[in-house]
Amino acid sequence: MYSRMLKVASGKSFFLFGPRGTGKTTWARAAFPKALYLDLLEAGLFNDLLANPQRLENLIPAGFNEPIIIDEVQKIPALLDEVHRLIEKRKCIFILTGSSARKLRRQGPNLLAGRALTYSMHPLSATEMEVDFDMGRALRFGMLPAIPSEPDPGKYLESYVRTYLEEEIRQEGLTRNLAAFARFLEAASFSQGSVLSIASVARDCGVDRKVAENYFAILEDLLIGMRLPAFTKRSKRRMVSHPKFYFFDVGVFRTLRPSGPLDTPEEAEGPALETLLLQNLLAVNDSLGFGYKVFYWRTSNQYEVDFVLYGKEGLIAIEVKRGSRVHSDALAGLKSFGADYPMARLILAYGGTRRMQFERIEAWPMEALLKDLPSLLFPAIKARPRA
């Protein structure tokens, strides 16, 4: 088991959201070994609390002053009212894990009215894996915590995808047409790392545009897909404004995306490399609380930067290239962005082995960049003592 980066405030209730299989429960039980653990996937407990959420108080021993972990809390949204009451009445501390925010949103936009913080759990990062990180394996099978110990990671990922289809989609009643949703997942995989055209995806999987829009919302609610917004702050030129789409893990993306003899390496390898960097960026940023918002940038005349990080720590633009050599055309998007935003740090992540400098642009080998993301996103971290 790898040590996770996630840092949480002590003495405060919190939500911990993340896709299935990212290690939320394992982390929570290891970080709070004395906590009372309640698993809503356990049928008896689920039925009791669904019938009467107030029974939650009866499960907490008198005088108990350790945290209470409620796993998969989205299964019974009505529990949030009881959790709220117990935070006020008994000063309980709750750790509420979930793989979907869909049902909980119906309780109101400010989950527990600010009485609980919100954190995210992502797949493993290169920083967490340290010397065990293998970029070739990560690009093929992703970074879900079970992958490093799996004898057949491909089979595991196929099962993982089926689990989402059967358990999350069907049991939650999110769509009546599971076959159409399966076709949609495949069609959406061809949009990985691309500016999203919902109409094109709808056409490819044979559903109405509104149905496809709802399917994308389901992916976001289940935390297995995200739309990356365009960066348009103080833009000096005409910009593309539609979002890009990404599945949350490169292994899941490659499992969903069919491949054949006519596919070129760029068609899957390019989006895979972008996805690997993005999921590591999100994991480090969210786990260590750096507070960056992540965007992409593209002008109407096709200058592009894959990722733009914007926050109180600064502005960072990162372009991803597969090649082992740096050609002038690989720097064009970053140069254009740097001209518009002279305060930005400009980084090219590429497939070579040497760090180089091209005027303002820093060229980083992708593997080195992934391993050093914490100090790149927050340079002062080098001066911080390790916890």
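Numbers here are sequence positions counted from 1. Heavy atoms only: backbone and side chains are in, while hydrogens, waters and symmetry mates are out.
A donor-acceptor pair shorter than 3.5 Å can be found between the side chains of D71 and T25. Between the side chains of E128 and S3, no donor-acceptor pair of N or O atoms lies under 3.5 Å. Counting only N and O atoms by type, the side chains of S125 and N280 include no donor and acceptor under 3.5 Å apart.
With a 4.5 Å cut-off between side-chain heavy atoms of Ile, Leu, Val, Met, Phe, Trp and Tyr, the cluster of V8 takes in L6, F14, L16, W27, F32, Y37, I69, I95, L117, Y119, M121.
The OG atom of S200 sits 9.5 Å away from the CZ atom of R209 when rounded to the nearest 0.5 Å. With rounding to the nearest 0.5 Å, the separation of CD1 in I318 from CG in L348 is 10.5 Å. Expressed to the nearest 0.5 Å, how far CZ of R55 lies from CG of N52 amounts to 5.0 Å. Interatomic distance, L373 CG to L277 CG, rounded to the nearest 0.5 Å: 6.5 Å. A distance of 11.0 Å separates CD of E367 from OG1 of T353, quoted to the nearest 0.5 Å. Rounding to the nearest 0.5 angstrom, the gap separating the CD1 atom in I93 from the CD1 atom in I68 is 8.0 Å.
By the 4.5 Å heavy-atom criterion applied to side chains, R345 and Y341 are not counted as neighbours. For the pair V252 and I224, the minimum side-chain heavy-atom distance is 4.5 Å or more. For the pair F248/L144, a side-chain contact is recorded, criterion being any heavy-atom separation below 4.5 Å from C-beta on. Side-chain contact between P243 and F245 is absent, with no heavy-atom pair separated by less than 4.5 Å. Contact of the F247 side chain with the L185 side chain is registered, since non-hydrogen atoms from C-beta on lie closer than 4.5 Å. Residues V294 and L228 form a side-chain contact, since some pair of their non-hydrogen atoms from C-beta on lies under 4.5 Å apart.
The aromatic rings of Y246 and F307 sit tilted, their planes meeting at an angle between 30° and 60°. Between Y292 and F290, the ring-plane angle classifies as perpendicular under the 30° and 60° cut-offs.
With S375 contributing its side chain and D372 its backbone, the two residues share a donor-acceptor pair below 3.5 Å.
Ion pairing between E57 and R85 holds under the 4.0 Å rule for side-chain N and carboxylate O. Under a 4.0 Å N-O distance rule, the pair R20/E72 qualifies as a salt bridge. Between E213 and R227, at least one side-chain N (NZ, or NE/NH1/NH2) sits under 4.0 Å from a carboxylate O, which counts as a salt bridge. The existence of a salt bridge linking E150 and K155 is excluded, since no basic side-chain nitrogen approaches an acidic carboxylate oxygen closer than 4.0 Å.
In K293, the NZ atom is not crowded: 12 or fewer heavy atoms of neighbouring residues, nucleotides or ligands sit closer than 6.0 Å. In the displayed structure, F46 atom CZ is contacted under 6.0 Å by more than 12 heavy atoms of other residues, nucleotides or ligands. Enclosure of atom CZ in R360 by more than 12 non-hydrogen atoms of other residues, nucleotides or ligands within 6.0 angstrom is indicated. Other residues, nucleotides and ligands contribute only 12 or fewer heavy atoms inside 6.0 Å of the CD atom of E359.
Judged by a 6.0 Å distance limit and a 45° cone about the ring axis, K244 is positioned over the six-membered ring of Y296.
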List the steps, then state whether ring pair (Phe, Tyr, Trp, His ring centres under 6.0 Å) holds for F216 with F184.
CA-CA 9 Å; F216 275 109; F184 160 77; 4.8 Å; yes
Tell me, with the steps shown, if R254 and E269 meet salt bridge (Lys or Arg N to Asp or Glu O under 4.0 Å).
CA-CA 9 Å; R254 299 194 78 156; E269 295 295 334; 2.9 Å; yes
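When ring centroids are compared, F231 and F295 come within the 6.0 Å threshold.
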